Amino acid sequence: MRVLGIETSCDDTAAAIYDSMTGVLAHRLFSQIDLHQPFGGVVPELAARDHVRKLLPLVERVLGESGITPGELDGVAYTAGPGLIGALLVGAAVGRSLAFAIGRPAVGVHHMEAHLLAPLLEDRPPEFPFVALLVSGGHTLLVEVSGFGCYRIMGATLDDAAGEAFDKCAKLLGLGYPGGPAIARAAENGRHDRFKFPRPMTDRPGLDFSFSGLKTHALLTARAQELNDQTVADMARAFQEAVVDTLVIKCLRATDEAGCPRLVVAGGVGANRLLRQRLEIAAQRKGVAVFFPRPEFCTDNGAMIAFLGYLRLIAGQREAESFTVRPRWSLGELSPVNREL
Ligand code: KG4
Ligand code: ZN
């Protein structure tokens, strides 16, 4: 079965083709970073308009690279939420119409479920059950995953998402957008003992997160300094370490609480090298196996949408000939799927 996946929930236009026999045939992404850079964050209306411009050429490109015609597709999957409504509507309209034109089923999928299942695209996929840390620009969630579609939220951020905190801290340090990779790069030249930032909510039980205090701490620290290159690097290092330590502590707490020796880390912040290194080490000590998608499948991509679309299509899910999107959509609302993956 061959499924086209379309992702337009935020600022990346992405398309991919997944073949159930051979895996991902082609995946391409057009990033809108340059478009949003001057504003220091994503401008929803500009994002939607750029998806309109970029999506069809991208779909044509992945079809060409896969060497297949639209008629050889068995279905089309698109991100139906959560995300920016205008951006979501572009992908949903194109995906639904394309499926209608070729007489194949369409399925609207949950963006975070796609992130969560992305490690199953790798050579060494995790078995169920597992605990997942979903860390992106819009979400920071710990989820107990007992099967396909069976998700229990164990903890979530009470305010900013981890990626959002990276983006805001980068902005105040003048490092540009997106902040995660910019902070990680600047931190390479930072000294480890100059600043010590708090590890929010790690000193009390529970699996929730809060990153807004850390952001305020960074702001107050920045105001008290002259922001030269070395200070920016030192602050970037202290900030990254604080976020990473916090995530590591909560992940291991969650695997303990769930009594589960498998941890999946997905979402854009999952591409962070320090997080990957620290988690590997800390998890190994506790006998927990950690699974990451490859970095380009941590951040938004079409492959995870095509793959989840395939899983949902073979489980019998289909959209009517109308479509809808859901800017707000909790993972906990999804229903279990009675099917082996
Ligand atoms: O999953 P994603 O691509 O889009 C959303 O669904 O939000 O995540 C984007 C977020 C941004 O906040 C970005 O700064 C962060 O992921 N990010 C990183 C890294 N790469 C992307 N954060 C820390 N380190 C990275 N290397
Ligand atoms: Zn995402």
Side-chain angles (χ1 to χ4, degrees), residues 5-14 16 27 29-33 36-37 40-42 44 47 51 78-84 87-88 91 109-119 132-141 143 157 160-173 175-188 190 209 211 214-215 218 236-237 239-248 264-279 292-305 307-308 327-329 331:
I6 292 174
E7 157 61 31
T8 63
S9 65
C10 190
D11 60 341
D12 290 311
T13 318
H27 67 99
L29 177 141
F30 186 86
S31 162
Q32 301 180 352
I33 286 176
H36 301 293
Q37 182 99 43
V42 179
H51 289 312
Y78 55 85
T79 301
L84 304 171
L88 288 168
V109 302
H110 193 293
H111 180 82
M112 298 313 290
E113 183 180 40
H115 272 306
L116 189 137
L117 297 178
L133 170 72
L134 294 179
V135 260
S136 67
H139 293 83
T140 300
L141 292 175
V143 189
T157 182
D160 292 350
E164 189 181 356
F166 267 108
D167 295 338
K168 287 178 176 170
C169 182
K171 194 171 179 180
L172 74 92
L173 293 178
L175 289 172
Y177 174 84
I183 295 252
R185 261 192 314 275
E188 283 170 20
F209 302 88
F211 291 107
L214 184 57
K215 179 193 64 193
R237 178 157 179 176
F239 182 85
Q240 176 174 242
E241 298 219 335
V243 176
V244 165
D245 276 357
T246 306
L247 295 173
V248 170
V264 156
V265 180
V269 182
N272 185 277
R273 217 151 25 128
L274 186 71
L275 176 64
R276 294 168 89 99
Q277 284 164 358
R278 294 253 170 108
L279 259 182
F292 299 97
R294 69 197 84 165
E296 78 254 37
F297 290 172
C298 272
T299 43
D300 288 350
N301 65 88
M304 66 181 191
I305 306 301
F307 176 60
L308 174 56
R328 289 177 180 275
W329 191 4
L331 267 175

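Indexing begins at 1, ligand by ligand and atom by atom, following the structure's order. In this text the structure is predicted, and so the values were computed from the model without any measurement.
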message: For Trp329 and His110, take the angle between the two ring planes, folded into 0 to 90°, and tell me which bin it lands in: parallel under 30, tilted 30 to 60, perpendicular over 60.
response: tilted
statement: Nearest heavy-atom approach of Ala118 to Pro293 is CB-CG, 4.1 Å
- prompt: Which atoms of ligand 1 are found less than 4.0 Å from any heavy atom of Gly163?
  reply: 12 (O)
- request: Please confirm whether His115 comes under 4.0 Å of ligand 1, counting heavy atoms of the residue only.
  value: yes
- prompt: Is there a side-chain contact between His115 and Asp300 (heavy atoms, below 4.5 Å)?
  reply: yes
field: Protein contact of atom 2 (P) of ligand 1 - nearest heavy atom, named by residue and atom, plus distance
entry: Asp300 OD1, 3.4 Å
task: Answer with yes or no whether Cys10 contacts ligand 1, where contact means a heavy atom under 4.0 Å from a ligand atom.
output: no
task: Check ligand 1 against Gly138 and write out every atom of the ligand that is under 4.0 Å from a heavy-atom position of the residue.
output: 7 (O)
Which atom of Asp11 lies closest to which atom of His51, heavy atoms considered: C-CE1, 4.4 Å
- prompt: So between Gly268, Gly180, Pro295, whose heavy atom ends up nearest atom 21 (C) of ligand 1?
  reply: Gly268
Vertex the Zn ion (ligand 2), rays to OD1 in Asp300 and NE2 in His115 - rounded to 10°: 90°
- request: Would you check whether Ala184 reaches within less than 4.0 Å of ligand 1, judged by its heavy atoms?
  value: no
- request: Note the single closest protein heavy atom to atom 24 (N) of ligand 1, along with its residue, its atom name and the distance in Å.
  value: Asn272 ND2, 3.0 Å
message: Between His139 and the Zn ion (ligand 2), is there a contact where an N/O/S atom of the residue lies under 2.8 Å from the metal?
response: no
- prompt: Are Val248 and Leu275 close enough that some pair of their side-chain heavy atoms sits under 4.5 Å apart?
  reply: yes
- request: Mind checking the CG-CE spacing from Leu117 to Met112? Nearest 0.5 Å is all I need.
  value: 11.5 Å
query: Is there a heavy atom of His111 sitting under 4.0 angstrom from any atom of ligand 1?
result: yes
- request: On the 0 to 90° scale, with breaks at 30° and 60°, tag the Phe209-Phe211 ring pair as parallel, tilted or perpendicular.
  value: parallel
- request: Could you pull out, from Val42, Asp167, Leu275, Val243, the option with a heavy atom nearest to atom 14 (O) of ligand 1?
  value: Asp167
task: Determine, stepwise, if the pair Lys215 / Glu164 fulfils salt bridge (Lys or Arg N to Asp or Glu O under 4.0 Å).
output: CA-CA 10 Å; Lys215 179 193 64 193; Glu164 189 181 356; over 6 Å; no
- line: atom 10 (C) of ligand 1 has as its nearest protein heavy atom Gly137 N, 3.4 Å
query: Side chains of Asn301 and Glu7: does their closest heavy-atom pair fall under 4.5 Å?
result: no
